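Data first, discussion second: the structure below is written as structure tokens.
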Amino acid sequence: MQSTNPIEALKHQLDTLNETARKGFIRLSTSCQVGNLAGWLNAQQLFPRLYWKARDAGAAEYAALGAVKAFDSLAALQADLATLADMGGEQPDYFGGTAFDPRAPEWQHFGGCHFLLPRIELKRHQGKAALSLNLRFDDRCPDAEIAQARACLAALEKEQPLPRLLPRAYQREDHPSQKEWASWVGQVTHPEHLRHTPKVVLSRETSLVTAEVPSPWALLSRWQGSATDCFHFGIQFAEQAAFIGCPPERLYKREGRHFITEALAGTIRRERDALQDQALAAELLGDKKNSLENRCVYQQLLTQLEPLSHHVHMGEAHIVKLRSVQHIRRLIDAELHREVTDQQLLGALPPTPAVGGFPRHLALAFIRQHERHQRGWYAGAFGRVSHASSELAVAIRCAHVGSETIRLYAGAGIVAGSQPDEEWHELDSKIADIMSLLGMG
């Protein structure tokens, strides 16, 4: 940030907060100037640190610090949403996510579910930025709450330039190996297996060990430049425990009762030559294997939405072009029943067939039996939830940044007709962007 004026303005608002106004949720805000939100986060000492920007053009950009409240279950989050909605007044945004698999030791800081109401929130939208301080007075001592908020404001640091991403030597190891991968694909595509489980999404963990890992915020900031049509997120619970990503896939978007999701599955590479690239897109749309992969996703989504909504509509298949790959996508929109909550949606939808398989229970059983690496928050959900609206991404195209290791994740939907070598190379294409940022592409 360019000056301490916004911080002083919030301190003044806090010091002069009328005692009669100390009820429920309160947000104190002031305008500010900021260059790079990731650079602002990287300069701070407070944890947790969080970043979120939705995929749509013109979407708001958020950076958040600390936590007024944290929730380790969807039920607790939904209860808090309901509590504040009943009180009326301004409603806060909650940020966080859920795991695909929370059991791995390297994911110990994340848990199976973690959403938070930030203490400090920096939001930029339509060229204007605001710094906010969030307060809660409905379930805590007012004096203690103000003291904690004042301490957080005092700890804020000015925005600093992000550290450069310097060339480093990395030792790479893939789990599974390519030989093991071929064996898995062979098992999934065996006719006997396909009879009961037509799709399993297998994943690979690519571990990059180095003496000094780069700043996760510098990495995310650079990554954003090559992923302009994607969601952008990052969360850091401790100095050496960050999870960042630029996923292309929306889990869902809710505006009131209106609900939007998508089936994003089926992949082919990109080419620099426009005619060749368009030929590949046409090949993808006409390919039986990739069409089957996409169909498995939208059929299960439609089944899951049936008891939760009405007026469900699915659009035609179209191509989404990313930097290294292109996908088949079908948009689905619906009107939710009045009583349906985000807790129900997050309990029903993930893991989608795009990251797990179809039918879900059989695909997940195969994954848990064979994958020795634990996915943690990879292939889970991440985003923003509020009373009025919510939007979450499927946490793919991501990286777990530890103290000495960067773990990259990619998956491929295995269906009838899948070839082991082709699917292995698809995994490489999916992590190509971040590998190039690390000087390994």
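Computed from a predicted model, the values in this text were never measured in an experiment.
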Side chain to side chain, [X] and [Y], heavy atoms closer than 4.5 Å:
X      : Y      : value
His258 : Glu335 : yes
Phe366 : Leu202 : yes
Arg360 : Pro351 : yes
Phe259 : Leu345 : yes
Pro248 : Ile396 : yes
Ile328 : Leu264 : no
Leu346 : Leu251 : yes
Thr267 : Lys430 : yes

Heavy atoms only: give me the nearest [X]-[Y] pair and the separation to one decimal.
X      : Y      : value
Ala363 : Gly357 : CB-CA, 3.6 Å
Asp342 : Ser386 : OD2-O, 3.8 Å
Trp217 : Ile235 : CH2-N, 4.1 Å
Gln91  : Leu81  : OE1-O, 4.3 Å
Leu41  : Leu50  : CD1-O, 3.5 Å
Ala129 : Val34  : CB-CG1, 3.9 Å

Acceptor/donor pairs from residues 406-424 side chains to any protein atom, 3.5 angstrom cut, sequence neighbours excluded:
from, atom 1, to, atom 2, distance (Å)
Tyr409, OH, Glu205, OE2, 3.0
Ser418, OG, Val415, N, 3.0
Ser418, OG, Val415, O, 3.0
Ser418, OG, Glu423, OE2, 3.4
Glu423, OE2, Lys289, NZ, 2.9

How about [X]: does its [atom1] atom have over 12 heavy atoms from other parts shown lying under 6.0 Å from it?
X      : atom1 : value
Gln299 : CD    : yes
His361 : NE2   : no
Glu212 : CD    : no

Requested in this report: Look at the aromatic rings of Phe233 and Phe382 and report parallel, tilted or perpendicular, splitting at 30° and 60°.
Outcome: parallel
- request: Mind telling me whether Trp184 and Trp181 have parallel, tilted or perpendicular rings, with 30° and 60° as the class edges?
  value: tilted
Strictly below 4.0 Å, N to O, side chains only: are [X] and [Y] in salt-bridge contact?
X      : Y      : result
Glu121 : Arg27  : yes
Arg172 : Asp428 : yes
Asp80  : Arg136 : yes
Arg295 : Glu293 : no
Glu145 : Arg140 : yes

Whether the side chain of [X] engages the backbone of [Y] through a donor-acceptor N/O pair (distance < 3.5 Å, no angle test) should be reported.
X      : Y      : answer
Asn294 : Ala265 : yes
Gln344 : Thr341 : yes
Thr405 : Gly402 : no
Asp277 : Arg272 : no

*Hey, mind stepping through Gln326 and Leu280 against side-chain contact (heavy atoms from CB on, under 4.5 Å) and telling me if it holds?*
CA-CA 9 Å; Gln326 42 194 330; Leu280 285 172; 3.7 Å; yes
Tell me whether the guanidinium CZ or amine NZ of Arg375 lies under 6.0 angstrom from the six-membered ring centre of Phe100 and within 45° of its axis.
-> yes
>> Show, in sequence, the C-alpha distance, side-chain angles and deciding distance for Ser389 and Arg384, and conclude whether the side chain to side chain donor-acceptor pair (under 3.5 Å) test is met.
In response: CA-CA 8 Å; Ser389 65; Arg384 179 192 63 83; 3.2 Å; yes
**Prompt:** Is there a salt bridge (Lys or Arg N to Asp or Glu O under 4.0 Å) between Arg204 and Glu371 once you walk through the steps?
**Reply:** CA-CA 8 Å; Arg204 183 183 74 193; Glu371 289 187 0; over 6 Å; no
Could you please spell out the steps behind the salt bridge (Lys or Arg N to Asp or Glu O under 4.0 Å) verdict for Glu192 and Arg195? CA-CA 5 Å; Glu192 288 296 323; Arg195 283 198 186 100; 2.3 Å; yes
Glu404 and Thr210: side-chain contact (heavy atoms from CB on, under 4.5 Å), yes or no, with the steps?
CA-CA 6 Å; Glu404 297 178 344; Thr210 183; over 6 Å; no
The single option from Tyr94, Phe95, Tyr51, Trp40 that satisfies ring pair (Phe, Tyr, Trp, His ring centres under 6.0 Å) with Tyr62 is Phe95
Indicate whether any N or O donor in one side chain lies under 3.5 Å from an N or O acceptor in the other, for Ser390 and Arg254.
yes
Any luck finding a side-chain donor-acceptor pair between His373 and Ser207 under 3.5 Å? no
Only one of Arg397, Arg329, Glu262 passes side-chain contact (heavy atoms from CB on, under 4.5 Å) with Glu249, and that residue is Glu262
- Item | Check against salt bridge (Lys or Arg N to Asp or Glu O under 4.0 Å), Lys253 and Asp56 | CA-CA 11 Å; Lys253 180 178 183 179; Asp56 295 337; 3.0 Å; yes
Between the CG atom in Leu392 and the CG atom in Leu349, the distance rounded to the nearest 0.5 Å is 10.0 Å
d(Ile434 CD1, Cys246 SG) to nearest 0.5 Å is 8.0 Å
*Could you check Tyr252 against Ile260 for side-chain contact (heavy atoms from CB on, under 4.5 Å), going step by step and ending with a plain yes or no?*
CA-CA 6 Å; Tyr252 71 84; Ile260 301 172; over 6 Å; no
Give the intermediate values and the outcome of side-chain contact (heavy atoms from CB on, under 4.5 Å) for residues Asp93 and Val385. CA-CA 6 Å; Asp93 293 305; Val385 175; over 6 Å; no
**Asked** Passes side chain to side chain donor-acceptor pair (under 3.5 Å), Glu180 versus Ser183? Steps please.
**Response** CA-CA 5 Å; Glu180 290 174 303; Ser183 173; over 6 Å; no
Task: Intermediate values then yes/no, salt bridge (Lys or Arg N to Asp or Glu O under 4.0 Å), Arg55 and Glu391 - done: CA-CA 10 Å; Arg55 188 181 67 192; Glu391 186 163 18; over 6 Å; no
